Amino acid sequence: MLKPGDTLDHYVVEALVGGGGMARVYRVRHRILDHPMALKVLDPSFVTKARIRKRFLAEGRIMAKVRHPAIVMVTDAVIDAPRGVAGLVMEFVEGPDLARVIARMKGPPSADFVRRIMLPILDGLHHVHQEGVVHRDLKPANVLLSRDAAGNWHPRLTDFGVAWLDEEASARAGSPPKLSGGLVGTPAYMSPEQARASGATPDPRWDVWAAGVVLYELATGGHHPFEQGDQRKTLDAVRKGEYRLPTEIVPDMDPGILSAIDGALRVDPERRAPSAAALSARLAGTSEPARQDPGYALPDAAGAWLESPDGARRIPLTADVVLGRGPNAVVMLRETGVEDAHARITHESAGWILQDLSAGGTYVNGARVHRIQLADGDLLRLGWGSWRVRLGERMPSLPSADTVPPKPPPVAPRPKTLPGARALPDRPGPALLLPDGSTIPIGLRPLVIGRSPAADVHLPDPSVSVRHARVYLQGLDVLVEDLLSANGTWVNGQRARFRRLQEGDRVKIGGVEIVVRM
């Protein structure tokens, strides 16, 4: 056990601040930076147990991997073999845990307070799940709270000691064997599947259930839906999903909070809110939208929609949608580069808000964004997919398959050309065809192609230089010029410094191939 004044690597111990079970937490100070940190130290009796020591260090790797504003960040690991000390250094959160805050409540808090605490937790939890991690021990004691100068609370999820990684994420992290069998977690916050100890593969919906229990406890001012004072009775209540309706405690409970509790505490995981993002949508006061297919248009949808550049596909937007290609996405996008949960669009008092959820980035009008209010006509890029934002009173319907399209107006005869003159093409004009099927017209102003968000044609591929090449018109010719790129600009397999382009030419920019349309 460490004492105030003890040193460990660059850290000086100041005080014991918490812990229990297999570890203790100390407040320490960096000797050089003079900055307070938290040091979580494995109990000396467990340091010699290889499996527990590996699991403890794996917790540090997991927390370092899932960095998010709502997750306590691990910055270092220290080991002092002679003293039998192994510890994780993490940011020090100056404040109580959520369990203490709930215990001090003298009644149900406001709906606004509940949302300010729970929405960041759900955002962090969704990020954790996207990284292939299931927390498995979400409870108020594992949510730390700090306050800023304005007095606002900021929740931080911590303690990934029994977290589970999927096979692929575990291999990447080099983690030891995962805990899978038996009761793992805290009984009162376990999902029914977890409480059965059936050896089932952990699922993000386990954490969704636990989040629902935390939400119930917070929104009712300290009433727990399943705690019976006896582990066997508690687990039995969890497995049956039997709990007192929150409206019996708070008759005028906020509808969004009620919807979130109901969506989370479903015994059948198939009927439970499918993700932390979906639960967040319920809590925010929006209905959980049905899944939409990008090619399907709802004639009665009003307010906003996304439209493909050619106008052939439209996606109606409800009050809250997650766009991506994973199982938890509300709107499925299958273009290359789209991540499982790529972006989220919500309707707030300020208007339609886009929030990036991806690692590769979401771009609006060529610039990478984290959170932005959308305007009519904005060009939205997710992976290689491009969509035009349309805001209006009602989305026009796409023609049905049995609708006979109107005959096009007669085309005026083309004027005769002088001998030797080049005839104008039938196409609207020269353009670049991108891998996602969208086209970028080539006009009088040169198009700069590159990885920079400020580029006219933004290609988020690491093999593309920041300013890779430019394409422009010179008379009736289309020219491409390499801008001293690292990997070169290639036309039909040959490296080109400066080249005139023709119909069908394939221009390779880094690892991305673009087709020329004349």
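Both backbone and side-chain heavy atoms feed into the values below; hydrogens, waters and symmetry mates do not. Fair warning: this is a prediction, and the values are worked out from it, not measured in the lab.
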Assess the pair His30 and His10: is the distance between their ring centroids shorter than 6.0 Å? yes

Could you pull out the closest heavy-atom pair between Leu122 and Ala276, with the gap in Å? O-CB, 3.6 Å

Flag yes if more than 12 heavy atoms outside Arg100 fall under 6.0 Å of its CZ atom; otherwise flag no. no

Qualifying residue for ring pair (Phe, Tyr, Trp, His ring centres under 6.0 Å) with His135, from Tyr189, Phe160, Trp209: Phe160

For residues Val28 and Leu2, determine if any side-chain heavy atom of one lies less than 4.5 Å from a side-chain heavy atom of the other. no

Tell me whether the rings of Tyr243 and Tyr216 are parallel (<30°), tilted (30 to 60°) or perpendicular (>60°). perpendicular

Please determine if Asp236 and Arg232 form a salt bridge, counting it only when a charged side-chain N lies under 4.0 Å from a carboxylate O. no

If a pair satisfies salt bridge (charged side-chain N to carboxylate O under 4.0 Å, His left out) and one of its residues is in residues 208-230, list it, with sequence neighbours excluded. none

Electrostatic pair Glu91-Arg156, nearest N-O below 4.0 angstrom: yes

From Met332 atom CE to Leu323 atom CG, the distance as rounded to the nearest 0.5 Å: 10.5 Å

Heavy-atom pair of closest approach, residues Gly221 and Met105: CA-SD, 4.0 Å

Polar side chain donor-acceptor pair, Tyr11 to Asp76, under 3.5 angstrom: yes

Give me the atom names and distance for the closest heavy-atom approach of Ala99 to Ala141. CB-N, 3.8 Å

Any donor-acceptor pair under 3.5 Å linking the side-chain atoms of Asp112 with those of Ser110? no

Per side-chain contact (heavy atoms from CB on, under 4.5 Å), Asp159 is matched among Met63, Lys139, Lys40 by Lys40

Quick one: CE on Met190 to CG on Leu138, what's the gap to the nearest 0.5 Å? 13.0 Å

Carefully, step by step, assess Met118 and Val214 under the rule side chain to side chain contact (heavy atoms under 4.5 Å, CB included). CA-CA 9 Å; Met118 288 301 302; Val214 174; 3.9 Å; yes

Restricting to ring pair (Phe, Tyr, Trp, His ring centres under 6.0 Å), what partner residues turn up for His223, sequence neighbours left out? none

Minimum heavy-atom separation for Gly241 and Val267, please, with both atom names. CA-CG2, 3.5 Å

Just say parallel, tilted or perpendicular for the rings of His458 and Tyr363, cut-offs at 30° and 60°. tilted

Restricting to non-hydrogen atoms, name the atom on Leu215 and the atom on Ala260 that form the minimum distance, rounded to 0.1 Å. CD2-CB, 3.5 Å

The single option from Leu16, Val85, Val78 that satisfies side-chain contact (heavy atoms from CB on, under 4.5 Å) with Val41 is Val85

Closest heavy-atom contact between Ser259 and Arg282? O-NH1, 2.9 Å

Testing Ile372, Leu354, Val389, Val369 one by one against Asp378 for a side-chain contact (heavy atoms from CB on, under 4.5 Å), which residue passes? Val389

